[in-house]
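Notes follow the structure.
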Amino acid sequence: MWLLPFSYSWYFCTTISKYTKDMPIPMHDISQWYNEIVEKAGLAEHSPVRGAMTIKPYGWALWENIQRPLDEAFKATGHQNAYFPLFIPLSFLAKEAQHVEGFAQECAVVTHYRIHTDSQSRAVKPDPEAILEEPLVVRPTSETIIWHTFKKWIRSYRDLPLLINQWANVVRWEKRPRLFLRTSEFLWQEGHTAHATAEEALQEAHRMLNLYADFVENYLAIPVIKGRKTPTERFAGAVETFTIETLLIDGKALQAGTSHFLGQNFAKAFDVRFLTQNNELEYVWATSWGVSTRLIGAVILSHGDERGLILPPRIAPLQVVIIPVWRKEEEKDKVSAYAHALADHLKKKNIRTRVDDDPQHRPGWKFNEWELKGVPLRWVVGPKDLEEQTVEVVWRNTNERTTCNYQQAIESISTWLENFQKALYQRAQERLNRHTHYIDSYVEMRRILEEKGGFVLAHWDGTADTELKIKEETGATIRCIPLEAESEVGACIYTGRPSQQRVLFAKAY
RNA sequence: CGAGGCGUAGCGCAGCCCGGUAGCGCACCUGCUUUGGGAGCAGGGGGUCAGCGGUUCAAAUCCGCUCGCCUCGACCA
């Protein structure tokens, strides 16, 4: 067996391998596996501040590769980036009743503007003489400060639609933080738009939901279910909340992105009106939408396996790692030069490539390390390959390996990466299908949720009361009312009352 | 915020029950040999035992409080 320095050695070899193939996975084990991967792969670590994480260079590179295509997509759909303040006057937050109620439990508040050293205790403390007249809330989201600003920007129908996005950090004080999935401070983008009509705003909410769905499926290789949230699960202050829900390898659901139709709630709270073509004053219609660094958590928990991360090529910081191997000293330079020549060819094709010729580690160590970091393809070159002008190619997802001519490998690289991307998606799609259950008996639903996890599609009578009882009894919530499902008359799984459509239940993060 | 577990070298841990010189593996430094799946040998450096307080001649060890981390619940992108 390997003599590994890390405790995950035994862990990956024995425990996890049997879980990642299929659900169910005991939560205890998958948590540990997740924490180990995040830390050992160099994505992030805990900071001295509870609930706040340090994103490390490899994790940040991943985030940049998520940000870039999203940012381009926002701009391509006519949105402009801007930046609004981190601090929100308490009175702003209070202006929309539902909104403030929804976030009240998790707000960090700035109350002082100075610290001083206490003359008695020598302790450094907030200066009691320096209390802010109005406390500032560290933004949990920016609707209020943005709508305060929109009031100044919007005069007439000619100013509409107003399509704004900001990349920012937000703070929601979390009781139970988990790296990437739920931290007290997280990074995201929040889109905020204003429109002349309800139809147009609703259309925008749908448009951005679809943009998210396409991104998550095409870039992150994670299939999603698009749907509406129930009133209980709705964003505080929204008329309608849309979501994309994903199913992770442990059978739990994760909300990967949301889009809200805000109606005129914020326009009324902040008195944002515009003159129509008929010279009449009307309140504007609004949307907001966001995805966060949680997407990184989704990637880890969708594609990872017993060896570590598996990253979709489109967002992988490195797509190919080239590892030179030699026996004799005189081979070293030649093989290394060969490896770098291959890398240059790949870089010319815009393939994110790195040669790992670090003399500190032997090849076996590097194989394990780059597998842990999820690099899609590994090219290994040694004296034999140099002589025969070949390269050994190893696929991270299947561990399949082939040796082929180097020119052929360079020719094929783009196709290989595309196929890798598709294969990852397909595997995730199959898992989603395999663990989506159409259930008509409450007993059966409880059994499935308890034993296997996954999605349950069942009929619901549409009441918050039933929703709450099912949540209390099974731990599962209604993730969404699917948008692309056929209507189907049935009986509520809990009360037997009539239902027009199945809704998606799952235990969630 | 409730329940349970854990804090000893950078990481993983032993020592604690039964108080008496701070240990092991990996990592790190030096040298030589190695390199196609986590290299070997030799030598070396590194600790306010989470913090604060108490008991004691003496505390990593016993007692109290605080903080942090992990798992499970209630709350959430």
Side-chain angles (χ1 to χ4, degrees), chain A residues 1-13 26-32 34-36 39-40 45-51 102-107 140-141 169-190 212 229 232-233 235-236 241 243-245 254-260 288-298 307 323-329 331-332 335-336 356-372 378-386 391-392 394 399 401 403 471-472 475 477 508-509:
Chain A
M1 213 56 244
W2 307 339
L3 291 170
L4 302 192
F6 305 131
S7 64
Y8 66 74
S9 57
W10 61 268
Y11 201 81
F12 281 5
C13 290
M27 205 42 223
H28 175 75
D29 291 0
I30 201 78
S31 293
Q32 214 164 319
Y34 179 81
N35 290 337
E36 294 244 15
E39 204 178 318
K40 305 296 189 215
E45 63 187 33
H46 290 281
S47 76
V49 181
R50 179 186 158 76
F103 285 105
Q105 298 303 313
E106 44 186 344
C107 284
T141 181
N169 57 339
V170 286
V171 168
R172 297 179 186 177
W173 214 257
E174 289 293 342
K175 305 277 161 71
R176 201 179 154 195
R178 302 205 55 190
L179 294 175
F180 291 116
L181 295 172
R182 196 187 300 103
T183 47
S184 288
E185 179 189 6
F186 59 93
L187 305 178
W188 76 348
Q189 57 69 216
E190 46 182 322
Y212 286 154
K229 285 290 188 188
T232 336
E233 300 274 328
F235 174 76
T241 287
T243 177
I244 48 173
E245 296 287 327
L254 183 78
Q255 178 175 313
T258 52
S259 173
H260 314 291
S288 68
W289 27 273
V291 294
S292 71
T293 36
R294 173 180 269 190
L295 289 176
I296 294 175
R307 289 166 184 256
I323 300 178
V325 172
W326 63 89
R327 284 186 193 286
K328 300 169 206 149
E329 192 60 25
E331 291 168 344
K332 184 177 164 183
V335 171
S336 193
D356 185 358
D357 54 3
D358 184 348
Q360 302 227 19
H361 297 294
R362 301 175 59 174
W365 192 93
K366 295 173 186 173
F367 297 166
N368 286 291
E369 184 66 12
W370 293 112
E371 280 169 2
L372 176 59
R378 176 173 78 230
W379 286 14
V380 185
V381 292
K384 272 180 278 176
D385 298 296
L386 178 58
V391 52
E392 184 196 43
V394 184
N399 207 31
R401 35 192 94 185
T403 299
K471 184 183 174 185
E472 282 170 355
T477 49
Y509 271 94

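Order of the sequence lines sets the chain letters (A, B, ...), proteins ahead of strands, with each chain counted from 1. Quick caveat: nothing in here was measured; it's all calculated off a predicted structure.
Here G290(A) lies out of heavy-atom contact (under 4.0 Å) with every strand. Contact annotation for P383(A): base contact, defined as any heavy-atom pair under 4.0 Å involving a base atom. Base engagement by D385(A) is indicated by at least one non-hydrogen atom pair under 4.0 Å involving a base atom. Residue contacts shown for K384(A) include a base, since a base heavy atom lies under 4.0 Å away. Counting any heavy atom pair closer than 4.0 Å across all strands shown, E371(A) reaches a base atom.
In this structure, G36(B) makes no Watson-Crick or G-U wobble pair, since no nucleotide meets both defining distances under 3.5 angstrom. Partner assigned to A27(B) is none, using Watson-Crick or G-U wobble distances below 3.5 angstrom. In this structure, C6(B) forms a base pair with G68(B), meeting either the Watson-Crick or the G-U wobble geometry with both donor-acceptor distances under 3.5 Å. Remark: U61(B) base-pairs with no nucleotide; criterion is Watson-Crick or G-U wobble with both hydrogen-bond distances under 3.5 Å. When Watson-Crick and G-U wobble pairs are counted only if both distances are under 3.5 Å, C16(B) pairs with no nucleotide at all. Checking G46(B) for Watson-Crick or G-U wobble geometry (two distances, each under 3.5 Å) identifies no partner in any strand. Remark: C75(B) base-pairs with no nucleotide; criterion is Watson-Crick or G-U wobble with both hydrogen-bond distances under 3.5 Å.
Ring geometry for F186(A) against W188(A) counts as perpendicular: the plane angle is over 60°, on a 0 to 90° scale with 30° as the lower cut.
Looking at heavy atoms from C-beta onward, F367(A) lies in side-chain contact with R378(A) at the 4.5 angstrom threshold.
The phosphate of G36(B) has OP1 or OP2 within less than 4.0 Å of a side-chain N or O from R362(A). For the OP1/OP2 pair of U71(B) and a distance below 4.0 Å, the side-chain nitrogens and oxygens of N35(A) include at least one atom meeting the criterion.
Between K366(A) atom NZ and A39(B) atom C1' the separation is 13 Å, expressed in whole Å. Atom CD of E45(A) and atom P of G68(B) are 18 Å apart (whole Å). At whole-Å resolution of the value, CD in Q32(A) and P in C11(B) are 17 Å apart. Computed from coordinates, the E331(A) CD to G36(B) C1' distance equals 11 Å when rounded to whole Å. The CD-C1' distance, from E36(A) to C70(B), rounds to 12 Å in whole Å. Rounding to whole angstrom units, NZ of residue K328(A) and P of U35(B) are separated by 10 Å. As rounded to whole Å, 12 Å separates atom P of C70(B) from atom OH of Y34(A). Rounded to an integer number of Å, the gap from NZ of K40(A) to C1' of G12(B) is 8 Å.
When all heavy atoms are compared, the tightest approach of L179(A) to Y34(A) is O-OH, 2.7 Å. Across P363(A) and V325(A), no two heavy atoms sit closer than the pair CG-CG2, 3.6 Å. Residues R294(A) and Q255(A) approach most closely at NH1-O, 3.2 Å, considering heavy atoms. For the residue pair L386(A) and V335(A), the shortest heavy atom distance occurs at CD2-N, 4.2 Å. Between V170(A) and P140(A), the shortest heavy-atom distance links the atoms CB-O, 3.7 Å.
When distances are taken from the side chain of R307(A) to each of G37(B), U34(B), C11(B), the shortest belongs to G37(B). Proximity note for V325(A) (side chain, C-beta onward) versus G37(B), G36(B), C70(B): the nearest is G36(B). For N368(A), whose side chain is taken as the heavy atoms from C-beta onward, the closest listed nucleotide among U35(B), C72(B), G37(B) is G37(B). For R327(A), counting side-chain heavy atoms from C-beta on, the closest listed nucleotide (C69(B), G37(B), G36(B)) is G36(B). Of the candidates G36(B), C72(B), G37(B), C72(B) carries the atom nearest the S31(A) side chain, counting heavy atoms from C-beta on.
Using atom P as the reference point in both A9(B) and U61(B), the two lie 15 Å apart (nearest Å). Of the C1' atoms belonging to G23(B) and C49(B), the separation is 12 Å, rounded to the nearest Å. For the C1' atom pair drawn from C11(B) and C69(B), the interatomic distance equals 15 Å after rounding to whole Å. G4(B) and G19(B) are spaced 28 Å apart, taking the C1' atom of each and rounding to whole Å. Between the P atoms of A14(B) and A50(B), the separation comes to 13 Å (whole Å). Taking the C1' atoms as reference points, C29(B) lies 30 Å from G36(B), given to the whole Å. Between U48(B) and A22(B), the distance separating the two C1' atoms is 13 Å to the nearest Å. When the P atom is compared between C6(B) and G12(B), the two are found 16 Å apart, to the nearest whole Å.
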Show your reasoning for whether side-chain contact (heavy atoms from CB on, under 4.5 Å) applies to E190(A) and T141(A). CA-CA 8 Å; E190(A) 46 182 322; T141(A) 181; 3.5 Å; yes

Atom pairs, N/O to N/O, protein against nucleotides 73-77 of chain B, distance under 3.5 Å?
unit_1: C75(B); atom_1: OP2; unit_2: K471(A); atom_2: NZ; d: 3.2
unit_1: C76(B); atom_1: O2; unit_2: R182(A); atom_2: NE; d: 3.1
unit_1: C76(B); atom_1: N3; unit_2: R182(A); atom_2: NE; d: 3.2
unit_1: A77(B); atom_1: O3'; unit_2: Q255(A); atom_2: OE1; d: 3.4
unit_1: A77(B); atom_1: O3'; unit_2: Q255(A); atom_2: NE2; d: 2.4
unit_1: A77(B); atom_1: O2'; unit_2: R294(A); atom_2: NH1; d: 3.2
unit_1: A77(B); atom_1: N6; unit_2: T183(A); atom_2: N; d: 2.8
unit_1: A77(B); atom_1: N6; unit_2: T183(A); atom_2: O; d: 2.7
unit_1: A77(B); atom_1: N3; unit_2: S292(A); atom_2: OG; d: 3.0

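Residue-environment remark: CH2 (W173(A)) stays at or below the threshold of 12 foreign heavy atoms within 6.0 Å.
Residue E39(A) is the one, among H361(A) and E39(A), whose nearest nucleotide of RNA chain B lies closer to the 5' end (criterion: closest heavy atom).
Using a cutoff of 4.0 Å between basic side-chain nitrogens and carboxylate oxygens, E233(A) and K471(A) are not scored as salt-bridged.
Residue side chain R401(A) reaches the base of G37(B) through a donor-acceptor N/O pair under 3.5 Å, judged by distance alone. Judged by distance alone with a 3.5 Å cut-off, a donor-acceptor contact links the side chain of R378(A) to the base of G37(B). Residue E369(A) places no side-chain atom within donor-acceptor reach of the base of G37(B), judged by atom type and a 3.5 Å distance cut-off alone.
Rounding to the nearest 0.5 Å places CD of Q105(A) at 6.0 Å from NZ of K175(A).
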